[in-house]
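Here the structure comes first, spelled out in structure tokens, and everything after it is commentary.
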Protein chains: 2
Amino acid sequence: MKLDEAKNKYIQTWGSLATSWGINKTMAQVHALLLISTKPLSAEDIMETLQISRGNVNMNVRALIDWGIVQKELVIGERKEFFVANKDMWELFKQITKERKKREIEPVLKILADLQIVEETTDEATAFKKVLNDLSKVTTTVNGILDKAIKADEHWLLSNFTKMVKK
Amino acid sequence: MKLDEAKNKYIQTWGSLATSWGINKTMAQVHALLLISTKPLSAEDIMETLQISRGNVNMNVRALIDWGIVQKELVIGERKEFFVANKDMWELFKQITKERKKREIEPVLKILADLQIVEETTDEATAFKKVLNDLSKVTTTVNGILDKAIKADEHWLLSNFTKMVKK
DNA sequence: TTTTATTTTCAATAATTATTGAAAGTTTAG
DNA sequence: CTAAACTTTCAATAATTATTGAAAATAAAA
């Protein structure tokens, strides 16, 4: 396979996978592009490569910065902004985990806690509260595990995990 | 808060959270409803409670069955089908993890492997292949960790994790 | 300051995804 | 077998989400 063909396929595939996990396609493509770029890219570079509008580039680059996985970079002698993606994949994984935890898990815990204040003591109410409580417990456990994973080092984590589970 | 109000809020909230993670709103609401139901529900029950069409109920119940988190249940003397959700939340977590692994992680590994076959040996090609390779490594590690988590028991997993990381 | 380059916003529109509902398909009862 | 009960499918449509592009805002240069 030719390099350009492979790069293209990689960017397209990343975009369509993202779509199936509820992530904006363009956002994923911009990130994919920055990940394999050997130099910082400007908005124009991205517009041209991905064939998308300026507004779209702007919105999605901001979103990536917001996720903490892309940074602005100044190029001396240039007035416009350039962007780079952090190439450390373990850091990338940790950052995404941290954000998803904040965006997906923590809101669930908050809502579940808010709902626990049902006064009734009928069987039905008790069953409902049990579901909420069980959901809270599992969610809290998972949240705790992810917290640990975020703080851990890749090799250490994996080797410990392997040891742990080898029976 | 009144029970019905709390149930309603819970179902609505579950639906809107799901939306933000790329899961169909109705699918999440149907699951939420089944989780807190003390008895099996028919398509009519679901249609009526969530105010949605028969076709919509059918599609989303099938999807939940496909995810392995809802089952058909026969009620004696009744001709129509009833549905129940598995109430064991740790099992639910494991099942969802297993499915997301299959749907989100494994396709990534497949694609990354397919792209590695770039022939060029320029610096650019080498950098590209390094990104793919690093992505594969992290993805494989995470995949392995999730495999272990799926097989583990809740309390055992959490206590080991806590021990592991307590320094 | 004014001019020019650049970024941001956002209403309009396009593209995608979800939902309806009625027809077709299936299964069970009589 | 036929009729009735029930489930599934899917084209039409509604609802949602993403994208464009030009105007407004901002920042740097002259």
Side-chain angles (χ1 to χ4, degrees), chain A residues 11-34 39-67 70-84 103-104, chain B residues 11-34 39-67 70-84 103-104:
Chain A
I11 290 171
Q12 297 309 321
T13 308
W14 220 249
S16 69
L17 284 171
T19 297
S20 75
W21 328 327
I23 295 164
N24 179 297
K25 183 186 78 179
T26 304
M27 179 171 155
Q29 289 182 331
V30 172
H31 184 238
L33 175 62
L34 289 171
K39 56 183 209 309
L41 299 181
S42 69
E44 269 83 11
D45 295 333
I46 299 170
M47 284 167 68
E48 200 173 310
T49 311
L50 302 182
Q51 293 289 310
I52 56 175
S53 73
R54 180 175 299 285
N56 202 2
V57 169
N58 189 271
M59 291 200 58
N60 284 295
V61 164
R62 297 304 132 193
L64 288 165
I65 290 174
D66 210 56
W67 270 77
V70 160
Q71 283 77 44
K72 249 188 231 187
E73 191 165 296
L74 299 175
V75 170
I76 52 165
E78 289 271 17
R79 192 157 152 186
K80 60 189 164 199
E81 297 178 327
F82 288 79
F83 305 97
V84 291
R103 294 168 194 227
E104 301 185 6
Chain B
I11 290 171
Q12 297 310 319
T13 308
W14 219 247
S16 69
L17 285 172
T19 298
S20 74
W21 328 328
I23 295 164
N24 178 298
K25 184 186 78 179
T26 305
M27 180 172 154
Q29 289 182 332
V30 172
H31 184 238
L33 174 62
L34 288 172
K39 57 184 206 312
L41 300 181
S42 68
E44 270 83 11
D45 296 333
I46 299 170
M47 286 169 68
E48 198 174 312
T49 310
L50 302 181
Q51 292 289 310
I52 57 176
S53 73
R54 179 176 300 281
N56 201 4
V57 168
N58 189 272
M59 291 199 59
N60 285 295
V61 165
R62 295 305 133 192
L64 288 165
I65 290 173
D66 210 54
W67 270 78
V70 160
Q71 282 78 42
K72 250 189 230 186
E73 192 165 296
L74 299 175
V75 170
I76 50 164
E78 289 272 16
R79 193 158 150 185
K80 61 188 161 197
E81 297 178 328
F82 289 78
F83 306 97
V84 290
R103 293 168 195 227
E104 301 184 8

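This is a predicted model, so every value here is computed, not measured.
Between the side chains of B/N56 and B/S53, no donor-acceptor pair is found at a separation under 3.5 Å.
Here C/dT7 presents its P atom at 10 Å from CD1 of A/I46, a figure rounded to the nearest Å. The separation between A/I52 atom CD1 and D/dT17 atom P is 20 Å, rounded to whole Å. Counting to the nearest Å, the P atom of C/dT8 and the CG atom of A/D66 are 13 Å from each other. A straight line from CG of A/N56 to P of C/dT7 spans 15 Å, rounded to a whole angstrom. Atom-to-atom, CG of A/N60 to P of C/dT9 comes out at 14 Å; the value is rounded to the nearest Å.
The listed nucleotides are D/dA5, D/dA29, D/dT19; the one nearest the side chain of B/R79 is D/dA5. The side chain of B/K80 sits closest to D/dT7 out of C/dT8, D/dT7, D/dG21. Listed nucleotides C/dA29, D/dT8, C/dT20 differ in distance to B/E81; the shortest reach to its side chain belongs to D/dT8. Taking only side-chain atoms of B/N58, from C-beta outward, the nucleotide of C/dT20, D/dT7, C/dC10 with the closest atom is D/dT7.
A salt bridge links B/R103 to B/D66: one of the charged nitrogens lies within less than 4.0 Å of a carboxylate oxygen.
Listed here is the closest heavy atom pair of B/K25 and B/G15: CG-O, 3.6 Å.
For D/dA18, the OP1/OP2 oxygens have no side-chain nitrogen or oxygen of A/T26 closer than 4.0 Å. Regarding contacts with the backbone of C/dT8, a side-chain N or O of A/R62 is found under 4.0 angstrom from either OP1 or OP2. Proximity of B/N24 to the phosphate of C/dT19: a side-chain N or O atom is located under 4.0 Å from OP1 or OP2.
Tested against B/Q29 for a side chain to side chain contact (heavy atoms under 4.5 Å, CB included), the candidates B/L50, B/L34, B/N60 yield a single pass: B/L50.
Summary of the strand contacts: B/G55 and A/G55 both lie near DNA chain C, and taking for each the nucleotide with the nearest heavy atom, the more 5' one is attributed to A/G55.
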